[in-house]
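Data first, discussion second: the structure below is written as structure tokens.
Numbered from 1 within each chain, the chains take letters A, B, ... in sequence-line order.
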Amino acid sequence: MTIEAPASAPVEPLLSALKVRKSYGGVEVLKGISLAVNPGQVMCLLGPSGSGKSTFLRCINHLERIDGGRISVNGELVGYAQRRDRIFEMNPREVARQRRGIGMVFQRFNLFPHMTALENITAAPIGVRRINKQKARDRGLELLDRVGLANLAQSYPAQLSGGQQQRVAIARALAMDPKLLLFDEPTSALDPELVGDVLDVMRTLASDGMTMVVVTHEIGFARGAADVVVFMDGGVVVESGPPEVVLDNPQSARTKAFLDSVM
Amino acid sequence: MTIEAPASAPVEPLLSALKVRKSYGGVEVLKGISLAVNPGQVMCLLGPSGSGKSTFLRCINHLERIDGGRISVNGELVGYAQRRDRIFEMNPREVARQRRGIGMVFQRFNLFPHMTALENITAAPIGVRRINKQKARDRGLELLDRVGLANLAQSYPAQLSGGQQQRVAIARALAMDPKLLLFDEPTSALDPELVGDVLDVMRTLASDGMTMVVVTHEIGFARGAADVVVFMDGGVVVESGPPEVVLDNPQSARTKAFLDSVM
Amino acid sequence: MAHATLATPVGAGPATQIDPDDIVAVPLRHPWRWFLAVFLLIGFVSLGISLWQNENINHPTITEFIFNPRILSGVVLTVVLTVVAMLVSTVLGVLLAVMRLSNNPVMNTLAWLYVWAFRGTPLLIQIVFWGYLGLLYAQISVGIPFTDFTIFSMETNTLIPALTAGLLALTLNQAAYSAEIVRSGMLSVDEGQYEAAYSVGMSPVFTLFKVVLPQAMRVIIPPMGNETISMLKNTSLLSVIAVLELYTVATQISSQNLRQVELLLVVSCWYLFLTSVLSIPQYYLERYYGRGKARTLPPTPFQRVRALLGRRPITVRRTESQDAS
Amino acid sequence: MAHATLATPVGAGPATQIDPDDIVAVPLRHPWRWFLAVFLLIGFVSLGISLWQNENINHPTITEFIFNPRILSGVVLTVVLTVVAMLVSTVLGVLLAVMRLSNNPVMNTLAWLYVWAFRGTPLLIQIVFWGYLGLLYAQISVGIPFTDFTIFSMETNTLIPALTAGLLALTLNQAAYSAEIVRSGMLSVDEGQYEAAYSVGMSPVFTLFKVVLPQAMRVIIPPMGNETISMLKNTSLLSVIAVLELYTVATQISSQNLRQVELLLVVSCWYLFLTSVLSIPQYYLERYYGRGKARTLPPTPFQRVRALLGRRPITVRRTESQDAS
Amino acid sequence: ATADAAPSTEKAPSTADVDATAAAALPAKYKDAGIIKVASDIPFPPMEMFDENQKLTGFDYDLAQAIGAKLGVTMELQTQAFDSIIPSLQSGKHDVIMSGMNDTPERQVTVDFVDYLHAGFSILVPAGNPNKIATVLDLCGQEVAVQKATVQAEILRGYDKQCTDAGPGPMKLSELPLETDVQTAVRAGKAVADVVDSAVASYAAQTAGDGKFFEVVRDPANPAGYDPVYTGIGVLKKDAALSKALMLALDSVIADGSYAKILGKYDMSDFAVDAAGINLGS
Ligand SMILES: Nc1ncnc2c1ncn2[C@@H]1O[C@H](COP(=O)(O)OP(=O)(O)OP(=O)(O)O)[C@@H](O)[C@H]1O
Ligand SMILES: Nc1ncnc2c1ncn2[C@@H]1O[C@H](COP(=O)(O)OP(=O)(O)OP(=O)(O)O)[C@@H](O)[C@H]1O
Ligand SMILES: [Mg+2]
Ligand SMILES: [Mg+2]
């Protein structure tokens, strides 16, 4: 398991971030984040509020443009393309293509309110990947079933409870069959009963070779499912390593304090 | 501790609900909810997604009009006024006055996006209760400090992370000095580090005589802070009683299954 | 708490059993509503009667001209002009709105300039400009500027007949106004929607058409309804270039027979009729694009009538938010 | 991955240190942007030159009349009419919008009828109606209907002089249009906002003014800008009742000296100027009400110019959402 | 109240001029008010226009002053757009119309005309007469522009048969709101000629572009223009007594020679009527 700079990784990491920096109006929110995730690994990001976890996820997806450092997914720089020996900024169309390989589930769902649950899931496969409509529908229903909402396929988001909405959002991200899945506190709005089910889905995905970065406060999940746990604070990686090390035997006083307050 | 119909209560309950029914377009979501909360008590509502917990809270606040039964807060019927021996429906102004005594924190924050954090908190005290501006500001800052956001008083909601937004929402509800506080999963979007702080605030409130109804999935909080725990499912109260009974020794199989999945 | 008896039950949901514990309350009365309704009804009826009986109005003239063939052809032309100009200008307007919201400085400035110039000058002057372009340029040529090389050259008046000039003027002018409306609609869509769309790999264009515009429609439709109805009447400005739409035909007739009041009434009837016809698609478009916004759709007029008769508020929140004002 | 060397650094945020691990990439080029910009610049300049040099336009006439006292008094009257009519009609429009959104059937129907009637008939006819109300009613009396008891009675033409009639017509007509715009703005506000406001005990009216309208403004302002600019030019319809605003004055002058084209240009200059002046408050109102919506405010024109020169996109998402269209 | 009330006070009627018969016929209402309000689509040169000092002048204005003097009242010209000129009479804002309005049977249904001019139309073409228009029949098959509120369109339609027989087919008429719109259309090449009252045509030929834009087609066979029609003061049917008084006053103006003087001032002597009459148009 490697969490150092990608150069020293024995396998080529699926996601590698090197000295990533990001500022908002003069305030540096990410102060040089370096980490790597190998294919099939699950990485959990922990950290107090405002530590930059969401911002980092958005950078991986190129929803935010980084101010320094580099991120690459599947060997390709995010947002930049190499032709001959020069690096070019990607145009929006290329960025969109690149994003298809990276699914994301947001803290605040962001479902499309004018589409039913099923349409939310099938909109991108049909419109962007040009999958046959009937096939996309079938797959959509299957995914809805997987998150326990098969009977609500025709409901609009406003008619669903918070928990139900987040589950539709997860199904929507899965529908593009992404190589890498980013979760921004995916279970924070979920019903405790259903957290287990969703985690099971996520574990199945992981064993199918899915690589995931999960921002979460569920220490139990991190301990059971993560290959790597990263603790962020104030825009830097404070500590990272296997869950048994970071969670049960943290080196940094800051990590220790955070874990004490959470557990 | 009484959780039966209000008639048998030794003290007059602050909140009493009797056979409350509510339907949405033909589907009955609440099927006769009866419960009572005495002054100073904290009641925790547990239950799976879609069981009607949020709907019940909204009925207490008269955000939804009930289809049957009755709810009274502080001895007054919610949404109805008695004059002589007849009961009249309240007009919107009277309803608004009544709601001032009942604070509410929503699952999805619902902060006013065009106001700063501080303005969100002071808008109602200044505009509705006509409290002196400077006093309202001071109190607002004090409340913001209590939820750990004193330095973000001038930020707009869109500039705050989810956790920060929910904390502002709690401060906003506290600002009206309500008799009864309703929380709809107040900690579900909160950072684990800060959950403890918020629960401390809530406990302080309880000991100051604040009565609270809390929909939550935090079994730990329910066990430590609740006087009564109510388990709802499918629009009915399945089981209710002191936490040590309901949580540790549930009578109903449904409660047992739910608790197993959560803990 | 004593139960009141002399009243209707509050609970009237699908669960029909009435429990002794249900509140039986006097529903909120709105006496002034009825007072106002009756007052206004009397007002409208007496206004109608006095208008109809006014001796200055010659009713046979109205009935004579309302289906006059010249008037009818004017109506047809008005409708055609309105429909064509609105459709084309909406497409242009969306384009301009997207340009205007872009941070691409060239596009942005261009769209801004367009909106500035076309909203800034009176439509009438734009009509005169396009209609009498031949005054300024007798020939229109396409070629390389500052050289004598021309690909194509034609008499302006042959290239742009009056009707085309009128359509051009209406469309280009309306596009500037529509652009502002579309832009405001797009601004009303949450940023999270863009993020979600991009995260599933939608391109900016796809996002625009499948995610942003459908949500913006809710906000766009009412002002666009306004614009359509204005357009209906703005076509009358084409009289300066002798395009014979409804209003021009009517004033031509009335300038000869001097039945000006009667012909204005004929015109009003037609415009009222056309406006009413146009507001039906608007109503249903609004409902369609409103889906998924509210938990329940707003009631149709039919449902409203039922609610009025049955005196059952439709949702609690709505009722409150408006009763007070 | 080999580092490219011949390019500008991407990182240019406040953290100025350049790390060897930073990507040094060729920024996305937009050659067609510049092509288009140059092309259009040439186009505009040559259009301007050819318009200016056109022998059919007599420049001394333009310079003679642009500050002519009659024209200036027309400008003043136009501005006054526009401002007063817009202010009053906006208040009426908010009232109508609230009534229209209410589930109170009387209010609702009333507002609907008002909007239907006033949008449905041409403004010109409404102006004639108010201007010549004396045609229908020689006296206006306030009293008890169907009896002879009158509290107050006056000659219609004395009570409503031309200017008042014009203002009345413009205001009542505009209110119908504004109502639709305000309504659409109110519909754009999330229902959760009402719930939150009610939960802290705000009354419906307070909620409307402090919570709903301020958020609706973002959506309301652009179409209201449209309406204001339309109003500026609709004042010219008052010529039928002899109110001498800008356009009427200009046509009067031109029908005497027969210099129509030149006077239309004078009028255009004035309208363009007034529109430009009006768009400044609109721009800043939009920014003001846009606060709290986006995480960062959109750039001001000044910032845009800097961006153009510095070639630094302002946010990644924005840039993408529009480049493609 | 009207913003553009004409400053007609400087020529207060002197009782010496008053024609007793005419004044006696004037209904008491106007006598008491001392004023007759005249609706006029100002400016419509040379019928009504402003001089260098922005004072109202023109043929209609001068004639109105003369008639007013005979009646012992002031005739005050006020601006009124033609499109709503009838409502302005019906609502009592104005009493009569003097706006160079042609007298036609169709219009006689609504108003009575006290006719004061008998004039034909002329053909106004761009300077140099590029299309070589010599007579009205040269306009056949061509685009011709006229002003909406005038009677020329009807008269030109009367040539349809002749034109069709001659070959090129009927004239293509554009009716435009204002006389200036018509002239602009001709300048822009949208129409080959402007067909308009002779008096208006000669004013335009002299004035537009400092006299460089247009010329009037001289047809030796019709020196006073084609198809002469009457122009009259419009009075609502119900005010027949007022028409009568105006006719008497006009007769008196003709009789004392001031009518001829006013005609001469505007170079319109060809268009004189022999005696006042009501609804002479046919
Ligand atoms: N667009 C933005 N403009 C300005 N500041 C921002 C922006 N986005 C985030 N921030 C700030 O950056 C910091 C990190 O935000 P981020 O959302 O990444 O935190 P987080 O770790 O996800 O916190 P939480 O657990 O509360 O969601 C916060 O202080 C936030 O206020
Ligand atoms: N306005 C509405 N119209 C139609 N159905 C509704 C409405 N509000 C809620 N429901 C439905 O009522 C049921 C109960 O909803 P409620 O939000 O009260 O559940 P909950 O117990 O709070 O669930 P969660 O834990 O997911 O928030 C759900 O099935 C929901 O779909
Ligand atoms: Mg976050
Ligand atoms: Mg809920």
So which of B:M115, B:R172, B:Q98 has the largest heavy-atom pair count under 4.5 angstrom toward chain D? B:R172
Does the B:N110 side chain pair with the main chain of D:A196, one donor and one acceptor, at a distance under 3.5 Å? no
When you measure from the side chain of B:H114 to the backbone N and O of D:K210, does any donor-acceptor pair fall under 3.5 Å?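 Judged by distance alone, yes, a pair lies under 3.5 Å.
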Which answer fits [X], side chain, backbone, both or neither, if we ask what part of it has an atom under 4.5 Å from a heavy atom of chain D?
X	value
B:F106	side chain
B:M176	side chain
B:L111	backbone

Please name the pair of heavy atoms, one in [X] and one in [Y], separated by the smallest distance, quoted to 0.1 Å.
X	Y	answer
D:P204	B:P92	CG-CB, 3.8 Å
D:Q193	B:P113	OE1-CD, 3.5 Å
D:S199	B:M104	CB-CB, 4.0 Å

Heavy atoms, side chains only, cut-off 4.5 Å: are D:V205 and B:R93 in contact?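 Yes - at least one pair of side-chain heavy atoms lies under 4.5 Å apart.
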Worked check of side-chain contact (heavy atoms from CB on, under 4.5 Å) between B:R58 and D:E195: CA-CA 9 Å; B:R58 292 161 52 80; D:E195 297 187 355; 2.6 Å; yes
Could you grab the distance from atom OG1 of D:T207 to atom CZ of B:F112, nearest 0.5 Å is fine?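 Interatomic distance, D:T207 OG1 to B:F112 CZ, rounded to 0.5 Å: 7.5 Å.
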Checking B:R83 now: which residues fulfil side-chain hydrogen bond (donor to acceptor under 3.5 Å, both in side chains) with it, not counting sequence neighbours? B:E94
